Amino acid sequence: MKKLQQFEYGFGMSEFGGYLLVMTRGKIASLYFFTSEVSRDEILAEMMTRWQASFVYSPKKIDAIQLFEEGKSFEFFLSGTDFQRKVWAELRKVKRGEVVSYEEIAQRIGKPKAVRAVGTAIGRNEIAFLIPCHRVVRKSGGLGGFRWGLEVKKKMLEWEKIA
DNA sequence: TGTGGATCTTGTT
DNA sequence: AACAAGATCCACA
C-alpha cells in the first residue's frame, strides 16, 4: 500500500485575477489562474488530474502566503522530463522587467532548433508567475500564448512595466 | 495577412 | 513504432 503524498490547496485574489495555489511539504507545486473564461472549478479539476495525490482544502494556510511581494523566494516541487526541467530552469533566470523570445530560450538550453518544443514545455510549467512563463514572447513582437489566457499574461507584463 | 514547411518533444494509440 | 499536436519561426505570395 503506497501512501499518496498530501497536497494542500486554497484560492486567492491578485492583481492578475483569482488563483489556485497548491503546496506539498512546504513547497509550491502549482499556481494556476482563473478568469471569466475559465472557472475556478475547472482549473481545480485540471490540477487534480495533473497530480497523483490526495488533496486537502487548507484555506487559512494558503491565505497566509504572500506570493507577489518583491524579493520573495520559494521552494518548488517540480516534476517533468529532462527537457522540461532545463526549460524551466532557464525561465527562472529571466528577471523581472525582462522579456525574451521562445527562440532565445531554445538557444540558451543548447537546442536552437527546438523552438516549438520549448513553447509547449513552457506551457506545461505548473507555477505561473513565480516561474516567469509570462516573460517569454514571440520574436516577431507578438505576445505568443498563455495557458491561463492572454489577458492574464498582458496584465502581468504591464504590471512589470514592460508593455 | 495568410499559408505551408522545417523542426523537436510529448502523449496517445 | 507511428502519429498528431503544440504558448515558434521563416519564406514567399
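Computed from a predicted structure; not experimentally measured. Sequence lines set the chain letters: A, B, ... in the order given, protein chains first and strands last, and positions in each chain run from 1.
- Nucleotide dT8(C) holds its P atom 13 Å from the CZ atom of R124(A), rounded to whole Å.
- Counting any heavy atom pair closer than 4.0 Å across all strands shown, A114(A) reaches sugar-phosphate atoms only and no base atom.
- To the nearest angstrom, C1' of dT10(B) lies 16 Å from CG of N125(A).
- Nucleic acid contact for R138(A): sugar-phosphate only, since backbone atoms but no base atoms lie under 4.0 Å from a heavy atom of the residue.
- One can place CD of Q107(A) at 11 Å from C1' of dC9(C), the figure rounded to the nearest angstrom.
- Here dT7(B) sits opposite no nucleotide as a Watson-Crick or G-U wobble pair (both hydrogen-bonding atom distances under 3.5 Å).
- Salt bridge R108(A)/E104(A): present, at least one basic N to carboxylate O contact under 4.0 Å.
- We find that CZ of R147(A) is positioned 14 Å from P of dG6(C), with the value rounded to whole Å.
- Other residues, nucleotides and ligands contribute only 12 or fewer heavy atoms inside 6.0 Å of the CG atom of D82(A).
- In this structure, CG of L143(A) is placed 14 Å from C1' of dT8(C), rounded to the nearest angstrom.
- Between K139(A) and K153(A), the residue anchored closer to the 5' end of DNA chain C is K153(A), taking for each the nucleotide with the nearest heavy atom.
- With dT10(B), dT8(C), dG6(C) as the choices, the nucleotide that has an atom nearest any side-chain atom of A117(A) turns out to be dG6(C).
- Each of F83(A) and K113(A) was matched to the nucleotide of DNA chain B holding its nearest heavy atom; the match closer to the 5' end belongs to K113(A).
- Crowding of Q5(A) atom CD: a count of heavy atoms from other residues, nucleotides or ligands under 6.0 Å exceeding 12.
- Rounded to whole angstrom, the span from the CD1 atom of I105(A) across to the P atom of dC9(C) amounts to 11 Å.
- Note on R147(A) versus E126(A): salt bridge recorded, some NZ/NE/NH1/NH2 to OD/OE distance being below 4.0 Å.
- Using the Watson-Crick or G-U wobble rule with both distances under 3.5 Å, dA7(C) pairs with nothing in any strand shown.
- R116(A) places its CZ atom 13 Å from the C1' atom of dT10(B), with the value rounded to the nearest Å.
- One finds a salt bridge joining K154(A) and E151(A) here, because a Lys/Arg side-chain nitrogen approaches an Asp/Glu carboxylate oxygen to under 4.0 Å.
- At whole-Å resolution of the value, CZ in R135(A) and C1' in dA7(C) are 17 Å apart.
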